[in-house]
Asker: 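Sharing a structure, written as structure tokens. Questions coming.
Read the numbers this way: they start at 1 and go in the same order the structure lists the ligands and their atoms.
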Amino acid sequence: MAKIIRRSGGRKSSVPPVPRKPAKKAVKASPKAAAKKTPKPKSSKPKSPKPKPWTAAEVYEAFSRFRKANPEPKGELEHLNPYTLLVAVVLSAQATDAGVNKATRALFAVADTPEKMLALGEEKVREYIKTIGLYRNKARNVIALSEKLIAEFGGEVPRTRAEIETLPGAGRKTANVVLNMAYGEHTMAVDTHVFRVGNRTGLAPGNTPLEVELGLEKVIPSEFMLHAHHWLILHGRYTCLARKPRCEVCLINDLCRWPEKTV
Ligand code: SF4
């Protein structure tokens, strides 16, 4: 009763008065039937077209240009051996390479092996790296991973991704960097720069670093894989910048699929 009184009241409404029977029918109508009856407008939301995947020849051309411009690209994290590389990569999480280098120069001068790091102790490690973000946690990890290297790997950095990933503070990206730089494996470490470049260019679009990593591994010819990680990092760091990509000086601007590129 109360409902009927409200509907027929004087409240202004854009909805026309509902006839008794048709109202019942409208409630019963399934969404499927409704969809059938109402034809979809042809041009609803304009969808940005999916970029055309790169051809093998285009990928080859892009990496040939990277190679020509920088035949022996180097990582920017300073290190003395696989162990110090591992420590530097662990320290670099959410920190810049320059900031890490500033701290590790003095640290590695006194501790370039797991044994020496343990002898130094967590408190002193903390002192050396206190300019790096999350340094307390990172100092704990450096000591813990050094202990584990000695206890389980004879003091050496292991050579498989699965083993490296068991070390405190080391994830897939750390393992990929170490395997690539220390042991020459064809791994692809995806950091924020590589993730951006992989997606923007359309070389290996993906929602996660792992998707981009696997996509890049799939399209990049083996002959480029040793250095591909560095070429892409350096490209993202110095050319394909996050906010203002320098498309006008980009080596691969004719190949890049990004709709917002400025050339
Ligand atoms: S053209 Fe621009 S967006 Fe594309 S890779 Fe080069 S710098 Fe990045």
Side-chain angles (χ1 to χ4, degrees), residues 45-78 85 88-89 92-101 133 161 171-181 184-263:
K45 249 186 182 176
K47 269 188 185 173
S48 52
K50 220 177 167 189
K52 221 172 68 185
W54 289 50
T55 63
E58 287 174 323
V59 179
Y60 195 91
E61 174 63 23
F63 283 90
S64 300
R65 293 182 198 172
F66 285 138
R67 178 168 61 190
K68 197 173 171 203
N70 186 3
E72 294 286 331
K74 296 275 178 273
E76 295 182 341
L77 273 180
E78 294 174 12
L85 173 64
V89 180
S92 73
Q94 295 171 52
T96 63
D97 287 0
V100 172
N101 291 339
R161 183 188 288 131
R172 187 178 180 98
K173 191 189 82 178
T174 303
N176 284 340
V177 173
V178 172
L179 290 173
N180 178 255
M181 290 175 66
E185 300 276 348
H186 288 188
T187 50
M188 174 57 66
V190 176
D191 70 348
T192 177
H193 301 298
V194 177
F195 186 75
R196 183 173 65 254
V197 171
N199 272 294
R200 263 188 191 167
T201 57
L203 253 177
N207 292 319
T208 63
L210 182 59
E211 274 179 36
V212 172
E213 175 188 327
L214 299 179
L216 289 170
E217 280 182 356
K218 206 166 149 193
V219 297
I220 300 173
S222 171
E223 69 175 277
F224 299 114
M225 273 304 287
L226 180 62
H227 295 312
H229 155 242
H230 284 130
W231 283 319
L232 293 176
I233 282 193
L234 296 173
H235 186 65
R237 191 174 283 167
Y238 297 110
T239 306
C240 194
L241 309 179
R243 287 200 188 149
K244 276 194 178 175
R246 303 169 62 217
C247 305
E248 67 286 356
V249 295
C250 172
L251 278 181
I252 56 166
N253 57 17
D254 55 324
L255 302 167
C256 173
R257 303 289 201 259
W258 198 37
E260 292 168 47
K261 66 182 180 180
T262 60
V263 286

Asker: Between F66 and I252, is there a side-chain heavy-atom distance shorter than 4.5 Å?
Answerer: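 When only atoms from C-beta onward are counted, F66 and I252 do touch, with a gap below 4.5 Å.
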
Asker: Any side-chain heavy atom of E217 sitting closer than 4.5 Å to one from H186?
Answerer: no

Asker: Check each heavy atom of E260 against ligand 1 and say whether those closer than 4.0 Å belong to the side chain, the backbone, both or neither.
Answerer: neither

Asker: What residue among L77, N176, D97 forms side chain to side chain contact (heavy atoms under 4.5 Å, CB included) with V89?
Answerer: L77

Asker: Below 2.8 Å, which protein N, O or S atoms neighbour atom 2 (Fe) of ligand 1, ignoring water?
Answerer: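 Atoms qualifying: C247 SG.
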
Asker: Check the pair L255 / T201 against side chain to side chain contact (heavy atoms under 4.5 Å, CB included), numbers first and verdict last.
Answerer: CA-CA 8 Å; L255 302 167; T201 57; over 6 Å; no

Asker: If we ignore hydrogens and angles and just use 3.5 Å, is the side chain of W54 paired with the main-chain N or O of R257 as donor and acceptor?
Answerer: no

Asker: Within the structure provided, determine whether L241 and R246 are in side-chain contact (heavy-atom separation under 4.5 Å).
Answerer: yes

